[in-house]
*Asks:* 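One structure is given below, represented as structure tokens, and several questions about it will come after.
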Amino acid sequence: MPIPRRGGNGRKAHVALFDATSLTAKGVKEQLVARSFPIASMRLYTSRTDPDANLTEFAGEAMLVTAPDIDALGRLDIAFLCGTREEGARYLDWAGRKGFVAIDLTTASSDAGPVPLVNVNVNPDAIPGKPGLVATPRPIAQFLSTLLDPIHRACGLEAVRAVIFQPASECGEEGIEELYQQTLGLLNFQEAPRQVFGRQVAFNLIPAGLYRKSGAPAGADPAALEQEVMRITGGAYHLSAEVVLAPVFHCHAAMVHVRLPGGKGREDLLASLRESRAVSLTPAEEPVTPVQQAGKSGVRVAVIRPSSRDSEFWIWAVTDNLQSGTAFNAVRIAEAIMDRGFGRGKA
């Protein structure tokens, strides 16, 4: 379906979304429309056989979702892989075989060899200029690398400890619905469903180690998160992270402890964060919670409090995982690819 979009150099892309009915795909579609990405044609695919997953919309227009067939792809420049890790793994070699760029939001490419891992706020130079795979970080790694990179560049970092509170939306629409149903059930003294999380999340906090085996977010693996953040920022500092599943629908929140090199103080830390376009500092008297940040872009920082030792600080930060997470990052990667002249469609 041709979709008219503005394109600075008159070039438009033939675009596809794989697993286009997922919550991640919804975020990608919204960002493509909001940012007026130059699209010559749009195709939507799904790996699922559920009849309810055969219809969705793009730019306010109903569209049919079909099963992907590598021999019937036709002309394609950029594809977004938006499903589960298992679904994404099915298509990892298609980009190289058919000559398009596949932006992987599923984490499947983390086991596919030296695939560029890109947070546009931090390492845009890693974006490839030829067909193949490029990976987006896990949402928490996107969040932490955006927050830590300006500090690391301007002040230096010796050590970081972070506790991240993860929302139900990291399990997709199913996670949001189960948290909602659990809340209703508990308030009405009824059984709370546990098909997605395996445990009660409503009115509760669950460390990642207790729910990772239940099918909850793959992004909750602390070791994988640490590796991704270090890989993106190129840091030599020590990072230790833990994840807690929280009873909120949207937005990641984090309490982060940073140790700067000796002699670096609070003003150095504040100055480093002010240099980042993706991070906003909020006056201490203003609330910064998932409720206030929902629907807003960027990482918002508040409560920078000195720790017990010089050059050590506690930072409270919040970001909307849908507005500033992997979907937003993936579309910006696609924009950078187009700016470099990739894409065969013309206006």
Side-chain angles (χ1 to χ4, degrees), residues 1-22 24-47 56-59 61 63 65-83 87-109 112 115-120 123-137 142 325-347:
M1 177 179 92
I3 309 282
R5 288 286 175 269
R6 295 193 301 270
N9 57 8
R11 187 180 296 274
K12 296 182 178 182
H14 296 281
V15 179
L17 269 70
F18 286 71
D19 296 296
T21 59
S22 65
T24 299
K26 179 181 178 182
V28 171
K29 289 185 287 185
E30 289 176 350
Q31 293 293 338
L32 288 170
V33 172
R35 298 178 67 82
S36 297
F37 187 83
I39 295 175
S41 66
M42 170 63 77
R43 279 160 287 174
L44 305 179
Y45 298 117
T46 183
S47 306
T56 186
E57 62 82 30
F58 180 72
E61 184 173 338
M63 290 188 67
V65 184
T66 60
D69 180 350
I70 190 170
D71 296 322
L73 284 180
R75 201 172 189 181
L76 186 58
D77 297 309
I78 297 173
F80 298 89
L81 309 185
C82 301
E87 289 166 341
R90 302 177 189 180
Y91 313 115
L92 292 184
D93 65 339
W94 286 26
R97 292 167 61 185
K98 289 297 184 178
F100 61 89
V101 175
I103 302 173
D104 178 28
L105 296 85
T106 72
T107 75
S109 59
V115 176
L117 179 66
V118 177
N119 176 346
V120 174
N123 62 336
D125 292 342
I127 299 172
K130 60 182 181 180
L133 276 171
V134 55
T136 65
Q142 173 85 16
T326 53
F328 179 59
N329 186 57
V331 173
R332 292 178 66 199
I333 291 171
E335 290 172 343
I337 290 169
M338 293 298 292
D339 288 343
R340 295 177 184 182
F342 189 79
R344 292 163 289 183
K346 299 293 182 181

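Side chains included, hydrogens not; waters and symmetry mates left out as well; all remaining heavy atoms used.
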*Asks:* Should L92 and D104 count as side-chain neighbours, where that means a heavy-atom distance under 4.5 Å?
*Replies:*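 Touching, per the 4.5 Å side-chain cut-off.
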*Asks:* With a 4.5 Å cut-off on side-chain heavy atoms, are D77 and F100 touching?
*Replies:*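 No. Closest side-chain heavy atoms not under 4.5 Å.
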*Asks:* Side chain to side chain contact (heavy atoms under 4.5 Å, CB included) for L44 and F18? Distances and angles first, verdict last.
*Replies:* CA-CA 6 Å; L44 305 179; F18 286 71; over 6 Å; no
*Asks:* Where is the tightest heavy-atom contact between T106 and G83, given as atom of each residue plus distance?
*Replies:*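 Distance-wise, the nearest heavy atoms are CG2-O, 3.3 Å.
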*Asks:* Within a strict 4.5 Å, meaning less than it, do heavy atoms of the F80 and V15 side chains meet?
*Replies:*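 A side-chain contact exists here, since the closest heavy-atom pair is under 4.5 Å.
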*Asks:* Given I127, which of I103, D339, I337 fulfils the side-chain contact (heavy atoms from CB on, under 4.5 Å) condition?
*Replies:*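 Among I103, D339, I337, the one that satisfies the side-chain contact (heavy atoms from CB on, under 4.5 Å) with I127 is I337.
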*Asks:* Just to verify, what does N329 make a side chain to side chain donor-acceptor pair (under 3.5 Å) with, not counting sequence neighbours?
*Replies:*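 Scan of N329 (side chain to side chain donor-acceptor pair (under 3.5 Å), adjacent residues dropped) gives Q142.
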*Asks:* For K26 and T56, which I'm curious about, is there any donor-acceptor pair between the side chains at under 3.5 Å?
*Replies:*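 Their side chains do not contain a donor-acceptor pair, so the 3.5 Å distance test is not met.
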*Asks:* Go through D19 and T24 one step at a time and tell me if the side chain to side chain contact (heavy atoms under 4.5 Å, CB included) criterion holds.
*Replies:* CA-CA 9 Å; D19 296 296; T24 299; over 6 Å; no
*Asks:* Just do the side chain to side chain contact (heavy atoms under 4.5 Å, CB included) check on K12 and F37 with the steps written out, would you?
*Replies:* CA-CA 8 Å; K12 296 182 178 182; F37 187 83; over 6 Å; no
*Asks:* Got a sec, which pairs hit side chain to side chain donor-acceptor pair (under 3.5 Å) with one end in residues 87-96, sequence neighbours left out?
*Replies:*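 The answer is S47-Y91, R48-E87, T84-E87, D93-R97.
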*Asks:* Measure across I78 and L76 and return the closest heavy-atom pair with its distance rounded to 0.1 Å.
*Replies:*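 Nearest heavy atoms, I78 then L76: O-CD1, 3.7 Å.
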*Asks:* Do V33 and F58 come close enough that some side-chain heavy atom pair is under 4.5 Å?
*Replies:*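 Contact flag for V33/F58 side chains = yes.
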*Asks:* Does the pair V120 and F328 meet the rule for a side chain to side chain contact (heavy atoms under 4.5 Å, CB included), with working shown?
*Replies:* CA-CA 10 Å; V120 174; F328 179 59; over 6 Å; no
*Asks:* Is there a side-chain contact between R332 and E335, using heavy atoms and a 4.5 Å cut-off?
*Replies:*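 Result yes, sub-4.5 Å side-chain heavy-atom pair found.
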*Asks:* Measure the OG1-CG distance between T107 and L81 for me, rounded to the nearest 0.5 Å.
*Replies:*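 One gets 11.0 Å once the value is rounded to the nearest 0.5 Å.
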*Asks:* Evaluate the side-chain proximity of M42 to M63: yes if any heavy-atom separation is below 4.5 Å, no if none is.
*Replies:*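 A side-chain contact exists here, since the closest heavy-atom pair is under 4.5 Å.
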*Asks:* Atom CD1 of I333 and atom CG of N119: how far apart are they, to the nearest 0.5 Å?
*Replies:*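 Result: 8.0 Å between the selected atoms.
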